[in-house]
*Asks:* 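I have a structure here, written as structure tokens, and I will follow up with some questions on it.
Quantities reported herein were computed from a predicted structural model and do not represent experimental measurements.
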Amino acid sequence: MKSNVLKIVLPLAVAIVGLTSAASTSALNGSSKSAAQLGYRHIANPESCTQVQICNENGNFNCKASNGDQLYDSSCVTPLKRSTVN
């Protein structure tokens with residue numbers, strides 16, 4: 001009787017601990033974009049870019065240069081966001 005209870009309860013306890021750990025870990029990853037990043041603008045060559053200004057990555061507005069060009073991360077691939085309108 002005792003071994004039957006362990007065969008049922010132990011796997012359930014392990015699954016509950018695993019699910020709880022996974023849920024708390026993914027909740028921590030949501031705030032990883034809060035640091036300020038340098039914004040880069042594409043120049044003549046698509047693989048080249050030049051540093052323009054800081055984008056804070058906290059909001060939903062596109063981070064743009066003073067001339068209206070969209071700014072990207074250092075690889076010039078991912079568009080950056082900011083918390084205020086340019």
*Asks:* Tell me the closest heavy-atom pair linking Tyr72 and Val77, and the distance in Å.
*Replies:*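 Heavy atoms of Tyr72 and Val77 come nearest at CD2-O, 3.7 Å.
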
*Asks:* I would like to know whether Ser66 and Gln53 meet side chain to side chain contact (heavy atoms under 4.5 Å, CB included); could you show each step before the answer?
*Replies:* CA-CA 9 Å; Ser66 59; Gln53 71 183 32; 5.9 Å; no

*Asks:* With rounding to the nearest 0.5 angstrom, report the CG to NZ distance, Leu80 to Lys64.
*Replies:*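 The NZ atom of Lys64 is 13.0 Å from CG of Leu80, to the nearest 0.5 Å.
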
*Asks:* Linking directly or through intermediates, with side-chain heavy atoms under 4.5 Å: list the remaining ILVMFWY members grouped with Ile8, chain and number order.
*Replies:*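 When side chains under 4.5 Å apart are linked, the cluster holding Ile8 also contains Leu12.
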
*Asks:* Suppose we screen for side chain to side chain contact (heavy atoms under 4.5 Å, CB included). Which residues come up paired with Asn60, at least two apart in sequence or across chains?
*Replies:*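 Counting only residues at least two positions away or on another chain, Asn60 forms no side chain to side chain contact (heavy atoms under 4.5 Å, CB included).
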
*Asks:* Can you measure from CG (Asn62) to CG (Asp69) and round to the nearest 0.5 angstrom?
*Replies:*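 Between atom CG of Asn62 and atom CG of Asp69 there are 12.0 Å.
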
*Asks:* Taking all heavy atoms of Cys55 and all of Lys81, pick out the closest pair and write down the distance.
*Replies:*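 Here Cys55 and Lys81 meet closest at CB-O, 3.7 Å.
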
*Asks:* Keeping Gln70 on the side-chain end and Cys63 on the backbone end, is there a donor-acceptor pair under 3.5 Å?
*Replies:*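 Confirmed, Gln70 side chain pairs with Cys63 backbone.
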
